[in-house]
Amino acid sequence: MESRPSIGEAADRIQKTCSLGDEVSCLRYVTENRAEALGRLGISRVSDLLVHVPHRYLDFSSETSIAYTTIGTDVTIRAKVEKITVKHPRPRMSIVEVEAVDATGVMTAVFFRQPWVAQQLHEGDEVAFSGTMTFAYGFHQMKAPFFEVITTESEKMKSHAKILPVHPATEGISPAWMRRIISAALADQGDVLDWLPARLVASRGFMTFARALREVHFPSSMAAAEKARRRLAYDELLCLQMALLARRTFECRGDTPFVHTIDGPKKRALLAALPFELTEEQRAAAHDILHDMAAPEIMNRLLLGDVGTGKTVVAALALAAVADSGTQAAMMAPTSVLAKQYAEKIGPLLTAADIPWALVTGSTPAAERTGIENRLATGAISVIFGTSALLSEGINFRQLTLIVIDEQHRFGVKQRQELLVKSSRMPHLLAMTATPIPRSLQLTVFGELDISTIDELPSGRKPIKTQIWAPTNIENLYDSVEIEVSKGRQVYIICSLIDDNPDNDTKSVEIEYRKLRSTIFNHRRVAMLHGKMKPDEKDKIMNDFSVHKIDILISTTVVEVGVNIPNATIMIIENADKFGLSQLHQLRGRVGRGEDQSYCHLIMSDHSKPSQRLREIEKSNDGFYLAEVDLKLRGPGEIYGKSQHGALDLRIASIGDTKMVER
């Protein structure tokens, strides 16, 4: 049992804990140039340095000899450099071959486009090579292995810990210098107090904070390194959760929310006007939202539903509750096409319930807009649909008590705040998204929101059939498209580029439009759509497609969100292997919105084997499952946008680790 620390020891630990906020330049070995290099890695304070954890380890405790290596495994070999050869098979292409020997055999380390390796290694050096061992041309070989020249200092480090950490480094600071600086920092200031309560640390089976810092940098075993990382990851995620809770509390401080009537005549009239019965999950989501609106706390809720699950009708019930309460609601969509679709879909229900509404986009005529602004200011309009045009100065409300934002992640925090300030008191917020969000991201990126989920498709919907195609079979695909179009169905063809790029084999909208319109589908009504078109032109094309004046629409991903054409039954995605899983699933969701069987065809860029993500989307229509897979394959930054993920600034934790986030 450890004895209690003396007052002097405790004071020393308090001092070291307080010094975590000191500039990194105060540490041993950190010169002005090294401080500048550390700054490029985001390290400005002592605390930044101590959580700059290794991205890999060289496990010298299980060092292997060349002759006894299992081919195809990751190993560390300690060998002596015999010969260094630099080859230039073509201009601007260099290959460095390093022959190394140990007591059992010979191996070759090959480095492509890394000419500096020839200056860093010399004949006679003793080097640790870490990588995957292969066998080629009669020799053991490693391609682009990590290497470390064994020096007196590194030998000393190896005797101190059998596992050598490899930290992310940059120009001006090598991994070896990073180890030296961190080792000195831990020796001088690493004995810090634990900020978590001892009872929590014990109940979770965690290391203490100070020990975790030592073990993550210079572990006694690989198991200890992982245990230390998990302790520090827990700390980081806990801080994130507290920050999200603080932000939510701060935003709602001092505000008394408006308490809505949630079972008034207009809501009942809207329910009666529905041409279908709500699903169980739709009813549950509506219950959550309406009871939040009648509670003495401000609603901050995310309605999460896969494509086609009926989020819109749930939002309509919330809009009706606002009208029953004699106040106003704003529903904002990221595009004018989507805003118009909401107005066309929800508007008739509101009209049936005697709820006055209007639509404002950037293309609304000035005279019409002036009339809407006047009626909105007097309260004559209960519900307004629109795009970011709702943020303009002319839009003012008599009493705004509910904001509905669709595809929230497509709006910045500043835009949301601009809409919030148009109310005399903090309005309730309902955000919606059709992007399935993994559980871990629900708790982090959207951690300040309560979440209602709908993943049950309305009755009558058939699962979309998905198939992968090689480019050589595209003629057969077009034959099936012709059959479907002849039945009166419509087709999307998606390309990622607008115009042709001679340095890129990716198909473009303009080239495909000209080719298909003049050849295979010259007897069909073909149109194209992309983001460079004028808003009026884009709106006309989408309107024409919606009323079946167009058979085949060749488009970029501008149709990814919210477009609802029940008669469209075929989605073709060119160069599908260049899209992420979540985006492929969103695009696929543009079809399958009616009662007819729908199809999604994924055309690969070349004849290579289909990627894992294409195989995953071919076998599953479950957006939540695909979102989890996409998170593992690509990470949250690419899926949900750099601005969303970047704000988290996680150094250690992986928010794809659902169990850790939930803990």
Contacts of T519 that satisfy side chain to side chain contact (heavy atoms under 4.5 Å, CB included) - sequence neighbours left out: K515
Please indicate whether Q467 has more than 12 foreign heavy atoms, meaning atoms of other residues, nucleotides or ligands, lying under 6.0 Å from its CD. yes
Which pairs would a plain distance check flag for residues 361-371, meaning a side-chain donor or acceptor within less than 3.5 Å of a matching protein atom at least two apart in sequence or in another chain?
{"unit_1": "T361", "atom_1": "OG1", "unit_2": "S363", "atom_2": "N", "d": "3.3"}
{"unit_1": "T361", "atom_1": "OG1", "unit_2": "S363", "atom_2": "OG", "d": "3.1"}
{"unit_1": "T364", "atom_1": "OG1", "unit_2": "T361", "atom_2": "N", "d": "2.9"}
{"unit_1": "T364", "atom_1": "OG1", "unit_2": "T361", "atom_2": "O", "d": "3.2"}
{"unit_1": "R369", "atom_1": "NE", "unit_2": "E373", "atom_2": "OE2", "d": "3.0"}
{"unit_1": "R369", "atom_1": "NH2", "unit_2": "S392", "atom_2": "OG", "d": "2.4"}
{"unit_1": "T370", "atom_1": "OG1", "unit_2": "A366", "atom_2": "O", "d": "2.9"}

Of the non-hydrogen atoms in K538 and H530, which two are nearest, and what is the gap between them? CD-O, 3.4 Å
Name all residues meeting the side chain to side chain donor-acceptor pair (under 3.5 Å) criterion together with R283; count only those two or more places apart in sequence or in a different chain, and write none if there are none. E280
Test item: V559 and F545 side chains (from C-beta on) under 4.5 Å apart, heavy atoms: no
Quick one: does any side-chain atom of R615 pair with a main-chain N or O of S611 as donor and acceptor, under 3.5 Å? no
Would you indicate whether the side-chain heavy atoms of V404 and M332 approach each other to under 4.5 Å? no
Residues passing the side chain to side chain contact (heavy atoms under 4.5 Å, CB included) test with A576, sequence neighbours excluded, are I573, L584, L602, L614
Sidechain-backbone polar pair: Q490 side chain, I550 backbone, donor-acceptor under 3.5 Å: yes
Quick one, N473 and Y478 - any side-chain contact, counting heavy atoms below 4.5 Å? no
Rounded to the nearest 0.5 Å, how far apart are NE2 of H585 and OH of Y625? 13.0 Å
Keeping the roles fixed (side chain from R588, backbone from I617), state whether a donor-acceptor pair exists under 3.5 Å. yes
Just to verify, which of Q282, E281, R301 counts as forming a side-chain hydrogen bond (donor to acceptor under 3.5 Å, both in side chains) with S452? R301
Distance from Y513 atom OH to S508 atom OG, nearest 0.5 Å? 13.0 Å
Qualifying residues under side chain to side chain contact (heavy atoms under 4.5 Å, CB included), relative to S598, sequence neighbours excluded: I464, T569, V591
Between E482 and H523, does any side-chain donor sit less than 3.5 Å from a side-chain acceptor? yes
Please report the shortest heavy-atom distance between G531 and V558, naming the atom on each side. N-CG1, 3.9 Å
Side chains of L430 and I403 in contact at under 4.5 Å (non-hydrogen atoms): no
Closest non-hydrogen atoms of I468 and P610, given as atom of the first, atom of the second and distance, are CD1-CB, 4.0 Å
Which pair of heavy atoms, one from A389 and one from V360, lies closest together, and at what distance? CB-CG1, 4.0 Å
State, yes or no, whether a side-chain contact exists between D450 and N300 at a heavy-atom distance under 4.5 Å. no
Rounded to the nearest 0.5 Å, what separates atom CD1 in I554 from atom CD in E512? 6.5 Å
Could you go through L317 and L271, starting from their C-alpha distance and side-chain angles, then the distance that decides it, and tell me whether this counts as side chain to side chain contact (heavy atoms under 4.5 Å, CB included)? CA-CA 8 Å; L317 294 173; L271 269 174; 3.8 Å; yes
Measure from the side-chain N and O atoms of W469 to the backbone N and O of I474, and report whether any donor-acceptor pair falls under 3.5 Å. no
Would you call R613 and E616 a salt bridge, taking side-chain N to carboxylate O under 4.0 Å as the test? no
Can you tell me how far apart NZ (K462) and CD (E595) are? Round to the nearest 0.5 Å. 8.0 Å
Around R517, counting heavy atoms of other residues, nucleotides and ligands shown, do more than 12 lie under 6.0 Å from its CZ? no
Taking the side chain as C-beta and beyond, is there a heavy-atom pair between Q328 and L376 under 4.5 Å? yes
Step-by-step side chain to side chain contact (heavy atoms under 4.5 Å, CB included) determination, I541 to M533: CA-CA 10 Å; I541 290 171; M533 291 179 169; 3.7 Å; yes
Show your working on side chain to side chain contact (heavy atoms under 4.5 Å, CB included) between I552 and I493 and close with a plain yes or no. CA-CA 7 Å; I552 300 172; I493 299 178; 3.8 Å; yes
Against T312, only a single residue in L303, I346, D406, L349 fulfils side-chain contact (heavy atoms from CB on, under 4.5 Å); can you say which? I346
Counting C-beta onward and ignoring hydrogens, is there a side-chain heavy-atom pair between N575 and I603 closer than 4.5 Å? no
Do the non-hydrogen side-chain atoms of V526 and D551 ever get within less than 4.5 Å of each other? no
Inter-residue atom distance N567.CG - K487.NZ, 0.5 Å rounding: 12.5 Å
Applying side chain to side chain contact (heavy atoms under 4.5 Å, CB included) to F276 and not counting sequence neighbours gives L274, L278, V313
Lys/Arg-Asp/Glu bridge criterion (N-O < 4.0 Å) met for R40, E171: no
When rounded to the nearest 0.5 Å, the distance separating CD1 of I384 from CG of L359 is 7.0 Å
Search all heavy atoms of A321 against all heavy atoms of M293 and return the closest pair with its distance. CB-CE, 4.1 Å
Closest heavy-atom pair, H428 versus M299, reported as atoms and distance to 0.1 Å, is ND1-N, 2.9 Å
Working for side chain to side chain contact (heavy atoms under 4.5 Å, CB included), residues Y342 and M331: CA-CA 9 Å; Y342 278 132; M331 186 166 184; 3.9 Å; yes
